[in-house]
Amino acid sequence: MSEFMYEDEGISISELIGIVLKHFKLLLLVFGLVVLASLTYITTATPTFTATTTVAVDSIRNLTAWNTSRSDTKNITVELQFLTKRETVLDALSSMDLSTYTHRDGTTLEDLLTDSKKIKALQKSVEAAPVKDTNSAVITFKHTNVAFAQDFIGALIPAFDRALVGYATSDLQNQAKNFQNDLQKAETLRQAYQDSVDTLQYDPNFISLRTNSAINQRILSHIQMQIADISVSTTTTAKPVSETELTIIKEWEAKYSAAYRTVLFEQFARLLVASANEIPVQQETSEAAKRLQVLEDELATTLADLGYNNTTAASLLTNTTNAVKLSILSVLEKEYIARIQEHTTLNLEFSEQSSHLSREKSTIVSLTEQLKRLDSFISQSPTALISIESPKLENENGDTNKMLILAVGILLGAAIALLSTLLAEYLSDSITDIQACQKILGPEIPILSTIPATKDAKQVSLETIDHKGSPASVSYYQLASILLHGLREHNVFPISSLGYGEGTTYTVMNTALALAQSGKRVLVIGTATDQLLYQKIYSLMSAHEEINELIHFSPLDLSKPFTLNGDPQRLYVVTTDVANSELSQLLHSREFAAFIQQTSTLYDLVLIDAPTFKTPANLIAVAQASGVLVINIRTHIGSRKQLKNLLTTMKLCNIPVHGVVLNNYLGKPSPTERSEVARHNKRMQAIACGLDHTTIEEAVLLNKTSGR
C-alpha cells in the first residue's frame, strides 16, 4: 500500500486554490483585521517631525594626541556613543527653555528633566548613521513637537561636543596626574639614592680602602709570594719528640715570631714608600733582619748541643722557621683579602647607587618636560566637532507615509491571511474534503461515494425513503450499485468508521433500503453496542407503509441455523443483542464466521454495521470474516491520524480496504457538536470495554449523538 509515498508529494496549484477556497472566510477575516489595523494606525497615529543635521566628528584619539601625531579618522563608532548618553541629553535639555514647548495635551515639556522614562525615550529617538569611510555622521531626531524637534537637535550638537571634549580633557588630566605622581616617586627615589651615595662617599672606612687599594693589593701579592717560597723550601724530617726539646723550640718560636713580624712590617713600610714615590723596593738588611739571623743561629747551636747532626739540625731549623713564617703570613693573607673584598663590595654598591641616581635624574628631567607639553596641550581648548551643518526639518508637515503604510498593511494582510489558511489546513487533524482524504488513501483506495449535506442537518432521517431524488439519496443509490456490482467476488461488506457518531449506521441502512427498494435481497448485521439506535431506525422504517412489508428486525442467534422467513425480497436486519463483555467473544467465534459464509449465499448483498476503529480487535474480527472492508468517514469529524493508523493496521492484517464513503450528510459540525461527539466517543468506548455505568445525563447525550 503506497498511501504514505503518495502523501509526501508536493502541493499543487489546484490544491492550494482549493485550500484557500475552503478557508476563504478565515482568509477574509484575517486580511480584514490586518488592513483595519493599518487604517486605524493611519487615522490615529500622531504626526512625527524629523530634524536632521550632519556633523564631522574628530576622534578621541586625536583629542588626546598630545604626544603623537594626529591620524586620519574614518571610524567614529565609539565617539557616536556619547551622543545618546543620558548626561549628553540632560546637558542639551538644561540649555533649553522647556517651558516654551508643549505636549498635545497642553502641558509643558519641563517634566523631561525629571522623568527617567521620557529621558530614555528621547535617547532612543536620537539616531546617528556614520557616513562610510569618513568621520562624518547624519544625526536625526524625531518628535511630535516640530519646534522642539528642531531646537533640541540644535542644542544636542554642542552638548555632544562638550561631552567628547570633556571626556578627552578628563583623560588628559588623568595622564597629567599620573605624570605628577611618577615625578614625585622619581624625586623620592633620587633623594634616597643621593643619600646612599653621600653616605658611602664620606665613609672613612670606604675612603681608606679606596686610597690604599693598590698598596693592599701589593702587600697581598708580597705575602702570597713569600708563602709560595716557603712552600717550595719546606722539607720533610723527623720532629723532636722529647719534652725538653719541645719546650726549647716553643720558647724559641715565640722570640722568632716577634722578630719576623718586625721584619714583615719593615717590608710593608718600604712597599708603601716605594708605591708612594713610584720607585723600586730597596732590599736592606735591617737590625730586625739581623736579629732574625741571630735567632736562627742560636737554634742551630742548640740543636747541635742536643746531639743532632748538621743535616738533621739544618732540616729541623728550616721546618721550624718556615712553620712560624707560614702561620703569620696566612693570618695576614686572610686579613688583606678581606680588606680587598670589602673594598670591592663597597665600590660595587657605590657604582650601583650612582647609576640609580643618574637614572632617576634623567627620569625627572623627562617627566618634567612631558608634563609641560601636556599642560600646554590641555590649555589649547580643543573642539570635537570640526564642522556643523545647520539642523533642518525633513518632513515639516509630520508626514507619516500613509499610503506606504496602507500598502504594507494590505500586502502583510494578504500574506498573513494566506499563511493562516495554510496553517488552518495543515495543523488540523480533521478530514475536511475529498483532496485531504485522497492524499492519505493514495491511488489504490477509491472514494466510493460522497454523501452531500442534507437540507435540514438537524433532523436526521432515512434519506432514501423520506427525500427520494435528493442529492444525498442519489449518492446512497450510487453507493449501493457500486457495492452490488463493483466487486462481484464479494457480496459481504463490513462498513466501519474511525469513531462513534460518524453516521455509519445510517449509511448502512440507507444503502440497504436503496437495494431493497430495487428488488434486491439484503441482510444487515448490526454489531453496534447502542441498541437504542437500531430501535429508532426500526421506528422510522415502520412508519412508512410502502416498505413496512419489506423489513424485518430480529436479534442475532448463532445457536441454530439461519433460515429465510417469508418473502425473500425483503430487508432483513439482525442485531447482536448481547452483553458488552460477550460481544468480542461472539465476533471472534467460528459460528459468526460461518453465519456470514452461510448468509452470503442467501442474499444479494450482506452489509455489516461493523465496530469502529475504537475497538480494533472487534473490527479486525469482522473484516477477516468477510475478507474486505469499507470505511465511512464523516468530514470535519474523521481524524487523519486515525485513518493512517487504520490503513496501517489493515495492511498488517492483510485485509484489503475496498473503498471509502465520505459522509457529509449532517454538514460541518459546530463546536458544540464536536464536543458532544468527542464525549460520545469516549463513553461508547468505555461501554465497549465493559465499563457501562451510564448516568441519566450520559444516556441523554448518547441518545442525542446516536441520533445524528
Side-chain angles (χ1 to χ4, degrees), residues 57-73 75-79 81-82 85-88 91 159-217 220 334-384:
V57 184
D58 201 1
S59 66
I60 294 176
R61 183 181 183 279
N62 284 339
L63 293 174
T64 57
W66 65 273
N67 202 27
T68 58
S69 59
R70 295 175 60 87
S71 61
D72 187 15
T73 303
N75 186 351
I76 55 173
T77 304
V78 175
E79 287 74 13
Q81 294 177 1
F82 286 84
K85 281 184 174 293
R86 178 184 177 88
E87 295 76 10
T88 307
D91 184 16
F160 177 37
D161 180 79
R162 288 191 293 271
L164 283 177
V165 172
Y167 178 82
T169 303
S170 176
D171 182 72
L172 291 171
Q173 290 174 347
N174 288 334
Q175 292 185 51
K177 185 177 180 180
N178 292 335
F179 278 138
Q180 291 172 350
N181 292 335
D182 293 343
L183 186 60
Q184 185 177 359
K185 292 178 182 178
E187 181 61 34
T188 302
L189 290 174
R190 185 205 64 78
Q191 186 62 46
Y193 292 139
Q194 184 67 57
D195 293 342
S196 298
V197 169
D198 292 343
T199 300
L200 284 173
Q201 190 172 7
Y202 299 107
D203 184 4
N205 183 41
F206 179 60
I207 294 173
S208 175
L209 290 173
R210 185 169 58 180
T211 303
N212 298 321
S213 175
I215 299 301
N216 291 336
Q217 186 64 48
L220 178 61
K334 292 180 180 178
E335 179 182 347
Y336 277 92
I337 287 175
R339 289 184 183 184
I340 292 172
Q341 288 179 343
E342 183 181 5
H343 172 260
T344 302
T345 301
L346 291 175
N347 196 49
L348 287 174
E349 182 180 356
F350 181 80
S351 299
E352 183 179 359
Q353 297 298 324
S354 299
S355 176
H356 289 330
L357 177 61
S358 176
R359 183 192 64 201
E360 295 304 324
K361 287 181 178 179
S362 300
T363 301
I364 290 173
V365 172
S366 175
L367 289 174
T368 303
E369 179 63 25
Q370 291 184 74
L371 190 58
K372 288 181 180 179
R373 287 159 51 197
L374 179 56
D375 291 339
S376 175
F377 186 85
I378 294 175
S379 63
Q380 294 176 4
S381 301
T383 301

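- The heavy-atom pair separating Ala186 from Thr363 by the smallest distance is CB-CG2, 4.1 Å.
- A donor-acceptor contact shorter than 3.5 Å links the side chain of Thr169 to the backbone of Val165.
- The OG1 atom of Thr68 sits 8.0 Å away from atom CG of Asn62, with the distance rounded to the nearest 0.5 Å.
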Practice item. Could you walk me through whether Glu352 and Leu348 pass side chain to side chain contact (heavy atoms under 4.5 Å, CB included), step by step? Key: CA-CA 6 Å; Glu352 183 179 359; Leu348 287 174; over 6 Å; no

Point to revise | Chi angles and distances behind the side chain to side chain contact (heavy atoms under 4.5 Å, CB included) call for Asp58, Thr383 | key: CA-CA 8 Å; Asp58 201 1; Thr383 301; over 6 Å; no

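- Val57 and Glu79 get closest at one heavy-atom pair: CG1-CB, 4.0 Å.
- Rounding to the nearest 0.5 angstrom, the gap separating the CD atom in Gln194 from the OG atom in Ser354 is 8.5 Å.
- Nearest approach of Arg162 to Asp91, heavy atoms of both residues: NE-OD2, 2.9 Å.
- To the nearest 0.5 angstrom, Glu187 atom CD is 11.0 Å from Leu367 atom CG.
- Residues Leu371 and Ala176 approach most closely at CD1-O, 3.8 Å, considering heavy atoms.
- Residues meeting the ring-ring contact (aromatic ring centres under 6.0 Å, His included) test with His356, sequence neighbours left out: Tyr193.
- Within the 4.5 Å cutoff, side-chain heavy atoms of Asn347 are placed close to those of Phe206.
- Residues Glu369 and Val365 form no side-chain contact, since every pair of their non-hydrogen atoms from C-beta on lies 4.5 Å or further apart.
- In this structure a side-chain-to-backbone donor-acceptor pair under 3.5 Å is present from Asn178 to Asn174.
- Residues that satisfy the ring-ring contact (aromatic ring centres under 6.0 Å, His included) test with Phe377, not counting sequence neighbours, are absent from this structure.
- Ser358 places no side-chain N or O within 3.5 Å of a backbone atom of Ser355 that could act as its donor or acceptor partner.
- Between Ile340 and Gln217, the shortest heavy-atom contact is CD1-OE1, 3.3 Å.
- At a threshold of 4.5 Å between non-hydrogen side-chain atoms, the residues Arg339 and His343 do not count as touching.
- Here CD1 of Ile364 is found 11.5 Å from CG of Asp182. Values are rounded to the nearest 0.5 Å.
- The ring-ring contact (aromatic ring centres under 6.0 Å, His included) analysis of residues 164-191, with sequence neighbours excluded, yields the pairs Trp66-Phe179, Phe82-Tyr167.
- Note that the OG1 atom of Thr64 and the CD1 atom of Ile378 stand 11.0 Å from one another [nearest 0.5 Å].
- Taking every heavy atom of both residues into account, Arg61 and Ser69 meet most closely at NH1-O, 3.9 Å.
- If you take OG on Ser351 and CG on Leu346, they are separated by 10.5 Å, rounding to the nearest 0.5 Å.
- Between Gln370 and Gln175, every side-chain heavy-atom pair lies at or beyond the 4.5 Å cut-off.
- Around CD of Gln184, the count of heavy atoms belonging to other residues, nucleotides or ligands within 6.0 Å does not exceed 12.
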